Each structure stands twice: as structure tokens, then as C-alpha cells.
K.L.:
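Structure below; questions to follow.
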Amino acid sequence: MSLDNRPTYSGGCQCGAVRFRIEGALGDPSVCHCRMCQKASGNFYAALVSVRGARLDWTRGEPKRFRSSNHGWRGFCGDCGTPLTYEAPDGIALAIGAFDQPAEIAPKVQWGTEAKLPYVDGIPALPGHQTMDDQDATGFLASLVSYQHPDHDTDQWPPERGT
Ligand SMILES: [Zn+2]
Ligand SMILES: [Zn+2]
């Protein structure tokens, strides 16, 4: 919350070159199954939330944009490629997964369902495993060092890093 009690949100790309801050109420979070969103997100669907009614500031860097149609642009980090925005004449929507706290932003509606991939609805029924369940990967995981930006704002990025 900010001083005047407006909700605030932060987030950014995986490499940390682009960071955003939102102050104010988010629109209805959604997923869009349309083929354009599949390609733009490199995924089964795009999960987006409109920030049309809020204040959006790019606090570090700014997305590079691809004009995906005569009406829309897709913003992404030019350094690491993380999908970040869908921008249309009526406003900007941000990728829910790019928020620092995406668990707060539950989708409320689906769009583009005519293009929904046939196996998407079956995913919750697939066998599930936690990361550490994979015994063969124990050493790999124990020695893993993430170079992704953490889920909070940083004064300096990237940090000093030994070789
Ligand atoms: Zn990046
Ligand atoms: Zn779409």
C-alpha cells in the first residue's frame, strides 16, 4: 500500500533490465487462449491483467515492443525476452507471471477460448512432482545459482558477481 492507501505492485523481467511499479487498482485478471497470445507468450495462453485504471511506471529500463497487429503491441525485455505487456489503444495489460507476487492476481475470466489448445484442460489431472522429488537432479539442484532478478526491487542490478 502507498501512503494514501492505494495498492501497489511491482515486477519485471527475469534478467532485471526492466522493472515496473503500479499504483492503484488492477483490472480483472484474465487468460487469453487466442493464437496471437500463444505466440506472443510462447505458451499455451497469455495471463494478463489490465493496468488501465492504475498508474504504471517503468522504474528500470523499458520494454522493447513488437507491433503484433495494427491495433496492438507486445512488450518484452530486449535483453532476456521475458514477455511483459499487451498494449492496445484502450490501455496496457501486464503479464501476471512477471509480477513479484503473482499469487495475488488470480484470473477471473478466459478469452479466446475458440483457440484453446486441446490438452490445456487436462493439465491439472497430470501426474505431479515437486522439484526436489527428482533424485537424479539432486546434485544439479544443490549447486544451482539463479541469475534471475529476485521478486523485489533492487538498488543495483546485477549485483557484483564473482566468476
Ligand atoms: Zn530482462
Ligand atoms: Zn489473446
Side-chain angles (χ1 to χ4, degrees), residues 8-124 131 141 143-163:
T8 61
Y9 305 86
S10 61
C13 68
Q14 63 173 331
C15 85
V18 180
R19 294 282 300 165
F20 60 80
R21 183 177 187 277
I22 294 151
E23 186 176 326
L26 301 175
D28 275 350
S30 64
V31 300
C32 183
H33 298 275
C34 87
R35 183 62 189 138
M36 296 184 82
C37 282
Q38 289 172 6
K39 288 185 76 89
S41 62
N43 218 313
F44 304 149
Y45 47 76
L48 296 163
V49 62
S50 171
V51 297
R52 189 185 310 166
R55 178 195 167 109
L56 165 67
D57 290 306
W58 298 105
T59 54
R60 184 183 290 148
E62 196 165 312
K64 195 173 175 184
R65 291 174 175 86
F66 170 65
R67 190 171 189 187
S68 56
S69 76
N70 56 330
H71 293 315
W73 289 259
R74 307 285 180 157
F76 56 96
C77 174
D79 288 347
C80 72
T82 302
L84 293 168
T85 70
Y86 169 65
E87 307 182 23
D90 64 349
I92 298 180
L94 291 182
I96 295 173
F99 281 71
D100 288 334
Q101 308 296 333
E104 298 175 345
I105 308 168
K108 291 182 177 165
V109 63
Q110 304 179 78
W111 301 104
T113 53
E114 72 285 346
K116 185 193 287 185
L117 292 170
Y119 44 77
V120 165
D121 287 340
I123 290 174
T131 305
L141 291 168
S143 63
L144 186 145
V145 178
S146 173
Y147 296 151
Q148 290 185 318
H149 190 276
D151 285 332
H152 56 77
D153 286 323
T154 49
D155 292 333
Q156 181 191 324
W157 192 261
E160 297 298 320
R161 190 179 282 152
T163 50

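Source: prediction; values computed, not measured. Indexing begins at 1, ligand by ligand and atom by atom, following the structure's order.
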K.L.:
CD/Q148 to OG1/T82 distance, rounded to the nearest 0.5 angstrom?
P.N.:
7.5 Å
K.L.:
Classify the side-chain pair T154/R60 by whether it contains a donor and acceptor separated by less than 3.5 Å.
P.N.:
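Side-chain D/A pair, T154 to R60: present.
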K.L.:
Would C80 count as a contact for the Zn ion (ligand 1), in the sense that one of its N, O or S atoms lies under 2.8 Å from it?
P.N.:
yes
K.L.:
Could you list the donor-acceptor pairs under 3.5 angstrom formed between side-chain atoms of residues 108-120 and any protein atom two or more places apart in sequence or on another chain?
P.N.:
unit_1 : atom_1 : unit_2 : atom_2 : d
Q110   : OE1    : H33    : NE2    : 2.8
K116   : NZ     : D121   : OD1    : 3.2
K116   : NZ     : D121   : OD2    : 3.1

K.L.:
Is there a side-chain contact between F44 and I123 (heavy atoms, below 4.5 Å)?
P.N.:
yes
K.L.:
Restricting to non-hydrogen atoms, name the atom on W157 and the atom on Y147 that form the minimum distance, rounded to 0.1 Å.
P.N.:
CZ2-O, 4.0 Å
K.L.:
Are there any protein N/O/S atoms under 2.8 Å from the Zn ion (ligand 2), and if so, which?
P.N.:
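You should have found C32 SG, C34 SG, C37 SG.
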K.L.:
Do the side-chain N and O atoms of R74 and S68 include a donor-acceptor pair separated by under 3.5 angstrom?
P.N.:
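Yes, S68 and R74 have a side-chain donor paired with an acceptor closer than 3.5 Å.
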